[in-house]
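Right, one structure below, let's go through it.
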Amino acid sequence: MIDIIVGHYNYWVVIFLMMAGFYTVIDRGNLIKKIAGLSIFQTSVFLLYISIGYVSDGTTPIIAEGFTRYSNPLPHVLILTAIVVGVSTTALGLALIVRINEAYGTIEEDEIHEQDKSL
Amino acid sequence: MIAVAAIRLSDLFAVVMLFGVYSLLTAALFMDLDAVDVAFTEAAVGAGVTTVLMLSSLHLTKRWEVLPRRKPLLSLLVVGITGAALVYAVLDAPLLGDPTAPVHQHVTPRYIEQGAEEVGVPNLVTAVLASYRGYDTFGETVVIFTAGLAVLLLLGIHEDARMRPGVSAIGDQVVLRSVVKPLLPLILLFGLYVQFHGDFGAGGGFQAGVIFATAFVLYDLVFGDGSARSVVPPGWLHRLAALGVLIYGGVGVYSLLAGKAFLDYSALAADPVHGQHLGVLLVELGVGIAVFSVVLLIFYAFSGRSRRR
């Protein structure tokens with residue numbers, strides 16, 4: 001039982017962060033807050049991949065003499081590119097928010113819905 | 001913990017700042033998990049670029065969040081159920097650091113055992129990124145390019161009337177100026193090193209592109225809004241972004257014309273390993289140029305927009 005709890009602690013952290021991000025996205029009405037929640041969700045997935053690629057007693061996957069055990073390079077590649085893609089999509093979301101603010105004068109979801117109804 | 005604080009605060013400025021700290025901590029965690037390349041990217045992107053972008057969009061919108069009137073019970077319930085399902089799923093998952101886990105059994109042994117001979121690049125992350133999974137990386141580069149285009153379509157690059165090169169929004173900060181000035185060439189040099197040494201040490205086109213862009217963002221922030229534009233005009237950046245993607249695609253088309261598969265770099269030189277190495281360098285260069293220009297373009301788009309109601 002203790003083994004299960006301690007040996008999986010990377011997953012517990014991931015689940016906690018993921019749910020924290022998820023909660024922010026569905027509960028908060030502020031659009032920038034939603035983007036922040038989405039980013040936290042995103043980092044939790046990054047953390048999941050990287051911790052899966054980790055091998056105990058392994059080392060960084062750069063071939064060097066004296067090392068035979070390396071951590072898995074494949075998740076590193078996937079996440080490396082995902083981070084940079086993530087920042088450009090976040091920028092896209094922020095750009096949308098800026099335009100929404102210009103059109104509606106607010107970035108609160110409820111107020112935007114009210115304005116839509118009154119049209 | 002920092003994540004929780006970031007969610008609970010309603011001062012969005014503090015949220016953004018905490019987010020930078022959170023990113024840096026994540027980078028340290030990646031480092032601890034032997035993922036240096038990833039830690040590198042996270043530190044440059046999360047703590048640098050994202051913070052600046054979020055701050056500028058805060059400037060363009062509002063700083064304070066209005067707390068919702070509805071009860072959080074329903075959302076908490078949904079989150080709780082999802083979380084419980086995930087916990088249940090995790091119980092079957094392999095332990096942290098277990099070398100016999102299924103992920104390490106397929107494909108990876110080949111990358112680790114033969115990567116250095118087949119591609120001629122000691123950094124396996126670079127080898128997998130640019131050569132084995134070159135298709136994916138090409139796709140990612142195109143996604144970044146497209147996201148940059150979409151931001152430009154939404155915001156456009158404007159010249160703010162109040163913006164004068166040489167006059168910074170934060171005033172004339174002598175200390176910042178004199179610290180940043182000697183730092184800039186070092187950052188640029190470091191960016192170049194990361195770009196061209198990415199096949200031996202940690203680094204590569206993605207990181208180098210972001211580091212390069214950060215240098216210009218810093219210059220723009222400290223030495224006055226719009227001063228980076230006189231060094232790198234936005235008009236060039238459009239072309240540079242396209243050029244980066246074209247270099248990557250061009251390498252692929254060249255290998256097609258030379259009778260090999262798309263992005264098979266062994267077509268680039270008589271010796272296949274040499275060709276692979278050359279291909280990796282060229283492709284990383286394309287990625288670096290594309291990432292640099294897209295990140296800087298996005299920054300220009302945000303910083304040039306004036307606040308409107």
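A note on names: the letters A, B, ... follow the listed sequences, proteins ahead of strands, and every chain is numbered from 1.
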Nearest-0.5 Å distance, OG of residue A/Ser88 to CG of residue B/Leu297: 12.0 Å
Most chain A-contacting option - heavy-atom pairs closer than 4.5 Å, from B/Val45, B/Val294, B/Thr50, B/Val295: B/Val45
Atom of B/Ala147, atom of A/Leu92 and distance for their closest heavy-atom approach: O-CD1, 4.4 Å
Max heavy-atom pair count under 4.5 Å with chain B, selected residue of A/Leu94, A/Ile35, A/Val87: A/Leu94
More than 12 heavy atoms of other groups within 6.0 Å of A/Tyr11 OH: yes
Which atoms of B/Val291 approach chain A - backbone, side chain, both or neither, heavy atom under 4.5 Å: side chain
Separation of B/Thr82 OG1 from A/Ile26 CD1 (nearest 0.5 Å): 7.0 Å
Distance in Å, A/Ile83 CD1 paired with B/Glu140 CD, rounded so as to fall on 0.5 Å steps: 11.5 Å
Of A/Ile50, A/Leu80, A/Thr43, the residue whose pairing with B/Phe30 passes side-chain contact (heavy atoms from CB on, under 4.5 Å): A/Ile50
B/Thr141 vs A/Thr81 side-chain heavy atoms within contact, under 4.5 Å: no
For B/Phe302 against A/Val98, the heavy-atom pair lying closest together: CE2-CG2, 4.0 Å
Residue among B/Val49, B/Ile144, B/Thr137 with most heavy-atom pairs under 4.5 Å to chain A: B/Ile144
Residue A/Leu96 versus chain B: region with a heavy atom under 4.5 Å: both
Gap separating the CE atom of A/Met19 from the CD1 atom of B/Ile81, nearest 0.5 angstrom: 11.5 Å
Donor-acceptor contact present, side-chain A/Arg99 to main-chain B/Leu154, <3.5 Å: yes
Derivation and outcome, side-chain contact (heavy atoms from CB on, under 4.5 Å), residues B/Leu29 and A/Leu47: CA-CA 9 Å; B/Leu29 200 56; A/Leu47 207 55; 3.6 Å; yes
A/Tyr104, part contacting chain B, at a heavy-atom distance under 4.5 Å: neither
Region of B/Val87 that comes under 4.5 Å of a non-hydrogen atom in chain A: both
CE on B/Met54 to OG on A/Ser39, rounded to 0.5 Å: 5.0 Å
Proximity breakdown for B/Leu76 and chain A, heavy-atom pairs closer than 4.5 Å: both
Under 4.5 Å from any heavy atom of chain A - which part of B/Val38: both
Residue, of A/Ile32, A/Ile79, A/Val14, A/Thr90, that accumulates the most heavy atom pairs under 4.5 Å with chain B: A/Ile32
Any side-chain heavy-atom pair of B/Arg133 and A/Leu74 under 4.5 Å: yes
Any side-chain heavy-atom pair of B/Glu42 and A/Phe46 under 4.5 Å: yes
Min side-chain heavy-atom separation B/Asp37-A/Val77 under 4.5 Å: no
Taking every non-hydrogen atom, the tightest pair across B/Leu53 and A/Ala91: CD1-CB, 3.7 Å
Segment of B/Ile298 engaging chain A (4.5 angstrom heavy-atom cut-off): side chain
